[in-house]
Each structure stands twice: as structure tokens, then as C-alpha cells.
Enquirer: 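Can you keep this structure in mind? I'll have questions shortly.
Indexing begins at 1, ligand by ligand and atom by atom, following the structure's order. Along the sequence shown, the residues carry numbers beginning at 1.
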Amino acid sequence: MPAMKDDCIFCKIAKKEIETAVVYEDDEVIAFKDINPQAPVHFLFIPKKHIETLNDISAEDAVLVGRMVAKMRDAAREQGIAEDGYRVVMNCNRNAGQEVFHLHAHLLGGRKFSWPPG
Ligand code: 5GP
Ligand code: ZN
């Protein structure tokens with residue numbers, strides 16, 4: 001298993017210590033339904049490795065993050081939202097409202113979103 005942090009809720013989800021609706025998993029990435037969905041499709045994709053924020057990704061993590069984004073593209077296709085469109089969001093630190101300090105990307109779809117974000 002990659003590096004984990006004991007008090008991190010998303011590390012616990014990655015270790016299956018918390019009951020979660022998992023929608024995708026491989027050796028390095030796990031995806032699950034957001035507990036408070038903001039759209040008909042709202043999945044969270046995380047690296048199993050504990051990385052706190054987007055500020056903390058290293059050059060070697062870039063491959064992992066790139067693979068994770070490609071898996072989000074695959075999930076969007078599988079959910080039937082790829083053609084209409086969808087949004088991928090990574091909130092970093094307080095100005096973006098990051099609540100969980102384990103890197104995650106939101107896959108949101110199934111409705112129209114406004115821009116700019118609030
Ligand atoms: P952030 O604002 O950090 O980008 O978003 C964190 C997201 O994680 C929120 O959308 C929140 O609903 C979701 N979340 C927080 N705790 C849990 C949990 O225990 N299980 C699941 N499935 N989602 C969670
Ligand atoms: Zn973690």
C-alpha cells in the first residue's frame with residue numbers, strides 16, 4: 001500500500017475502513033460517490049497515496065495525476081455524460097474551500113453548470 005495518514009478520512013476510504021460507494025479502483029487510484037452530491041453524477045477520484053493538496057504534487061506524481069484524469073474521462077463516458085459535458089474540479093486550500101486535505105478531483109455531470117463559479 002502507498003503512504004497513508006492515520007487520521008485522514010480519504011486514506012481510510014482507500015483502505016476500506018469506511019463504508020463507501022466505490023465506483024472505480026486500481027492499484028493507485030480509487031473513486032467513490034460524494035456523500036453530499038451536487039449533481040446527478042458526483043464522483044471523487046483520489047490517489048491512494050496521501051498527497052495533501054495540489055501544491056504538494058511532485059514531478060513523479062504527475063504521471064499518477066494524469067492517469068487519474070484519464071480514468072475520470074473513462075467514467076464520464078461510462079456514465080453517459082461525456083457528450084453533453086461535465087466538470088472536473090480540484091479545490092486547493094482555503095480560498096477554493098478545500099475541506100478534505102487528501103488530493104481529490106470532483107467529477108460532476110448530468111446537469112448544466114454555470115460559469116464563473118461562485
Ligand atoms: P472539497 O471541498 O475538499 O474539494 O470537497 C470534499 C468533498 O468530500 C465534499 O464534496 C464532501 O461532500 C466529500 N466528503 C467528505 N467526507 C466524505 C466521506 O466521508 N465520504 C464521501 N463519500 N464523501 C465525503
Ligand atoms: Zn489521506
Enquirer: Please say whether more than 12 non-hydrogen atoms of neighbouring residues, nucleotides or ligands are located less than 6.0 Å from CG in Asn55.
Expert: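 Yes, because the 6.0 Å sphere around CG of Asn55 holds more than 12 heavy atoms from other groups.
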Enquirer: Where on Phe43 is there a heavy atom closer than 4.0 Å to ligand 1, on the side chain, on the backbone, on both, or on neither?
Expert: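 Neither; no heavy atom under 4.0 Å.
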Enquirer: For atom 19 (O) of ligand 1, what's the nearest protein heavy atom and its distance?
Expert: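 Here the nearest protein heavy atom works out to Ile9 CD1, 3.4 Å.
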Enquirer: Is a side-chain donor or acceptor of Asp26 paired with a backbone partner of Val29 at a separation under 3.5 angstrom?
Expert: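 Yes; judged by distance alone, with no hydrogens or angles, the pair exists.
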Enquirer: Provide the number and element of each atom of ligand 1 under 4.0 Å from a heavy atom of His106.
Expert: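 Those atoms are 1 (P), 4 (O), 5 (O), 7 (C), 10 (O).
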Enquirer: Considering only non-hydrogen protein atoms, determine which one is nearest to atom 22 (N) of ligand 1 and report residue, atom name and distance to 0.1 Å.
Expert: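 The closest one turns out to be Lys33 O, 2.8 Å.
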Enquirer: Any chance CD of Glu60 has more than 12 other-residue heavy atoms, nucleotides or ligands included, within less than 6.0 Å?
Expert: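 For Glu60, atom CD is not crowded (no more than 12 foreign heavy atoms under 6.0 Å).
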Enquirer: Counting only heavy atoms, which portion of Val89 has something under 4.0 Å from ligand 1: side chain, backbone, both, or neither?
Expert: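 No part of Val89 comes within reach of ligand 1.
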Enquirer: Hey, does the side chain of Thr20 reach the backbone of Val22 with a donor-acceptor pair shorter than 3.5 angstrom?
Expert: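 Side chain of Thr20 to backbone of Val22, a donor-acceptor pair under 3.5 Å: no, none is there.
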Enquirer: Polar-atom distance check: His42 versus ligand 1, any N or O pair below 3.5 Å?
Expert: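 Min N/O separation from ligand 1 is not below 3.5 Å for His42.
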Enquirer: Ligand 1 and Val100, any nitrogen or oxygen pair closer than 3.5 angstrom?
Expert: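 N/O-N/O distance below 3.5 Å exists for this pair.
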Enquirer: Without swapping roles, check the side chain of Gln38 against the backbone of Asn36 for a donor-acceptor pair under 3.5 Å.
Expert: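 Yes, because the side chain of Gln38 sits within donor-acceptor range (under 3.5 Å) of the backbone of Asn36.
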Enquirer: Below 4.0 angstrom from a heavy atom of Asn91, which ligand 1 atoms are there? Numbered from 1 as shown, please.
Expert: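 Result: 1 (P), 2 (O), 4 (O).
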Enquirer: Quick one: nearest non-hydrogen protein atom to atom 10 (O) of ligand 1, plus distance?
Expert: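 The protein heavy atom lying closest is Asp34 OD2, 2.5 Å.
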Enquirer: Output yes when the distance from some N or O of ligand 1 to some N or O of Gly97 is under 3.5 Å, and no in every other case.
Expert: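 Yes; at least one N/O pair falls below 3.5 Å.
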Enquirer: Check ligand 1 against Asn36 and write out every atom of the ligand that is under 4.0 Å from a heavy-atom position of the residue.
Expert: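 The atoms of ligand 1 under 4.0 Å from a heavy atom of Asn36 are 12 (O).
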Enquirer: Looking at every non-hydrogen atom in both residues, tell me the closest pair between Ile46 and Met68 and how far apart they are.
Expert: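 In terms of heavy atoms, the two residues are closest at C-SD, 3.7 Å.
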Enquirer: If you look at His50, which of its N/O/S atoms is nearest to the Zn ion (ligand 2)?
Expert: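 Nearest N/O/S atom: ND1.
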Enquirer: Under 3.5 Å, side chain of Gln98 to main-chain N/O of Asn93, donor-acceptor pair present?
Expert: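 Yes: the side chain of Gln98 pairs with the backbone of Asn93.
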Enquirer: If the cut-off is 4.0 Å to any non-hydrogen atom of Ile13, which atoms of ligand 1 fall inside it?
Expert: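 Ligand 1 atoms under the 4.0 Å threshold to Ile13: 20 (N).
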Enquirer: If you count the atoms of ligand 1 from 1 in the order shown, which ones are under 4.0 Å from a heavy atom of Gln98?
Expert: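 Those of ligand 1 that fall under 4.0 Å from Gln98 are 2 (O), 3 (O).
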Enquirer: By atom name, which N, O or S atom of His102 is the nearest to the Zn ion (ligand 2)?
Expert: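 Within His102, restricted to N, O or S, the Zn ion (ligand 2) is closest to atom ND1.
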Enquirer: Between Ile18 and ligand 1, find which residue part has any heavy-atom pair under 4.0 Å and reply side chain, backbone, both or neither.
Expert: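 Under 4.0 Å from ligand 1, Ile18 contributes no heavy atoms.
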Enquirer: What protein heavy atom sits nearest atom 6 (C) of ligand 1, and how far away is it?
Expert: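 Result: His104 NE2, 3.5 Å.
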Enquirer: Under 6.0 Å between the ring centres of Phe43 and Tyr86?
Expert: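 Ring centres of Tyr86 and Phe43 not closer than 6.0 Å.
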Enquirer: Mark up the atoms of ligand 1 that fall under 4.0 Å of a heavy atom belonging to Phe10, in ascending order.
Expert: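 Contacts of ligand 1 toward Phe10, numbered from 1: 8 (O).
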Enquirer: Out of curiosity, does Leu103 fall in the hydrophobic cluster containing Phe10 (side-chain heavy atoms, cut-off under 4.5 Å, transitive links)?
Expert: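 As far as the 4.5 Å side-chain criterion goes, Leu103 and Phe10 are not connected within one cluster.
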Enquirer: How are the rings of Phe45 and Tyr24 set relative to one another: parallel (under 30°), tilted (30 to 60°) or perpendicular (over 60°)?
Expert: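 Phe45 vs Tyr24 ring planes: parallel.
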Enquirer: Any donor and acceptor pair, going by atom type alone, linking the side chain of Asp84 with main-chain N or O of Ile81 inside 3.5 Å?
Expert: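 Not a single qualifying donor-acceptor pair exists.
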Enquirer: Check whether any side-chain N or O of His104 sits under 3.5 Å from a backbone N or O of His102 as a donor-acceptor pair, and report yes or no.
Expert: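 Pair found, side chain donor or acceptor close to backbone of His102.
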Enquirer: By number and element, which atoms of ligand 1 are closer than 4.0 Å to a non-hydrogen atom of Glu99?
Expert: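 Those of ligand 1 that fall under 4.0 Å from Glu99 are 1 (P), 2 (O), 3 (O).
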Enquirer: What residue and atom, counting heavy atoms only, is the protein's closest point to atom 14 (N) of ligand 1, and at what distance?
Expert: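 The answer is Ile35 CG2, 3.9 Å.
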